[in-house]
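Everything on this sheet refers to the single structure shown next.
First the proteins, then the strands, lettered A, B, ... as listed; each starts at 1. Since we're looking at a predicted model, the values are computed, not measured.
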Protein chains: 2
Amino acid sequence: MARAATTTDAFNAVAEPRRRQILDLLRARERPVNELVELLGLAQPQVSKHLRVLREVDLVHVRDEGRQRMYRLNPGPLQPIHDWLRAYEQLWNERFDLMDDVLDDLGKAETDDGDDD
Amino acid sequence: MARAATTTDAFNAVAEPRRRQILDLLRARERPVNELVELLGLAQPQVSKHLRVLREVDLVHVRDEGRQRMYRLNPGPLQPIHDWLRAYEQLWNERFDLMDDVLDDLGKAETDDGDDD
DNA sequence: CAATCGTATACCCATAACGGAATGCGTCAA
DNA sequence: TTGACGCATTCCGTTATGGGTATACGATTG
């Protein structure tokens, strides 16, 4: 088996920096492929391919406008990532990092008061 | 070029579901590889390999305890992901999704009543 | 109608992931 | 010391990525 497809979910889709850039650019407003190509400094086919991935995980919506295709951000699928991170958020915000040192100490002290061994 | 290495950053490392599971398990407390193997139902080598990736992006710390290796969560590297998502968080919390429908309608109606074009 | 623009797709290549299986290596027990 | 345990590493095969380049396709223009 290989790595999970980039189109599996937002986690995989967003692991690619260029695709994050694209989403960042679309946060301001919808844009045609053309414009993304210039802003990213990538070749047009690569941009189209990244957009395809983003489309497949529903992170962007497309709208036909003449011969242009306007891409618009759809942030919804990012929410699961945020939800998953929520449980970790407190771990670095609080003083839980102090527990780091405590655990380290315990690890070194080990069987200080235990008669089990 | 291939996909960026899983050890490039936390984004890539946590794109893999199993690795997210491992982190979830380590959130409760530090655990030996052994225990993760049982809880995940994976073969031991695969778990060790996932742990290697997590180590390389510094999402876990290891501590030697006899012939066991205790793995402990280090949530810090997750923060950049959270930071990146912060800009999007408001987009799904607010009523911005209403704008979705409006824009969709505009896209379909297009030049229905507009002589702009 | 032909020519051109804006995009998407097809193809090629180099790279590496992930799982499986075998093995290496340090630690502890008898 | 020999053997068992806990874990890491190596090799294998399959799969798909992401960039490059060429091309196909619909829409607009002349």
Side chains of Asn74(A) and Leu59(A): does their closest heavy-atom pair fall under 4.5 Å?
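Of all side-chain heavy-atom pairs linking Leu59(A) with Asn74(A), none is under 4.5 Å.
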How does protein reach along nucleotides 4-15 of chain C, written 5' to 3' as B (base within reach of a heavy atom under 4.0 Å), S (only sugar-phosphate), or - (no contact)?
-BSBBBB----B
Just checking Ala4(A): base, sugar-phosphate only, or nothing, at a heavy-atom cut-off of under 4.0 Å?
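The residue Ala4(A) makes no contact with any strand.
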Residues that Gln44(A) engages under side chain to side chain donor-acceptor pair (under 3.5 Å), provided they are two or more places apart:
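Residues passing side chain to side chain donor-acceptor pair (under 3.5 Å) with Gln44(A): Ser48(A).
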Checking Arg27(A) now: which residues fulfil side chain to side chain donor-acceptor pair (under 3.5 Å) with it, not counting sequence neighbours?
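Only Asp24(A) meet the side chain to side chain donor-acceptor pair (under 3.5 Å) criterion with Arg27(A).
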Under the salt bridge (Lys or Arg N to Asp or Glu O under 4.0 Å) test, residues paired with [X] that sit two or more places apart:
{"X": "Arg19(A)", "value": "none"}
{"X": "Arg3(A)", "value": "none"}
{"X": "Arg52(B)", "value": "Glu56(B)"}

Give me the residues of residues 6-18 of chain A where at least one heavy atom lies under 4.0 Å from an atom of DNA chain D, by number, or none.
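When residues 6-18 of chain A is checked for heavy atoms under 4.0 Å from DNA chain D, the hits, listed by number, are Thr6(A), Glu16(A), Arg18(A).
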Quick test of your reading of the model: are Arg29(A) and Glu35(A) salt-bridged, counting only N-O distances below 4.0 Å?
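Answer for the salt bridge query: yes.
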Which residue pairs pass the salt bridge (Lys or Arg N to Asp or Glu O under 4.0 Å) test with at least one member in residues 75-84 of chain A, sequence neighbours excluded?
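Matches after skipping sequence neighbours: Asp83(A)-Arg86(A).
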Please identify each residue that fulfils side chain to side chain contact (heavy atoms under 4.5 Å, CB included) with Pro45(B), with sequence neighbours left out.
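For Pro45(B) the side chain to side chain contact (heavy atoms under 4.5 Å, CB included) partners, ignoring immediate neighbours, are Ala43(B).
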My understanding is that only residues two or more places apart in sequence, or in another chain, count here; which of them pass side chain to side chain contact (heavy atoms under 4.5 Å, CB included) with Ala4(A)?
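If we apply the side chain to side chain contact (heavy atoms under 4.5 Å, CB included) test to Ala4(A), skipping adjacent residues, the hits are Thr8(A), Asn12(A).
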Outermost nucleotides of DNA chain D that come under 4.0 Å of a non-hydrogen atom of chain A:
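On DNA chain D, the outermost contacted nucleotides are dG13(D) to dT28(D).
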Measure all distances between protein nitrogen or oxygen atoms and nitrogen or oxygen atoms of nucleotides 1-3 of chain C, and list the pairs falling under 3.5 Å.
none

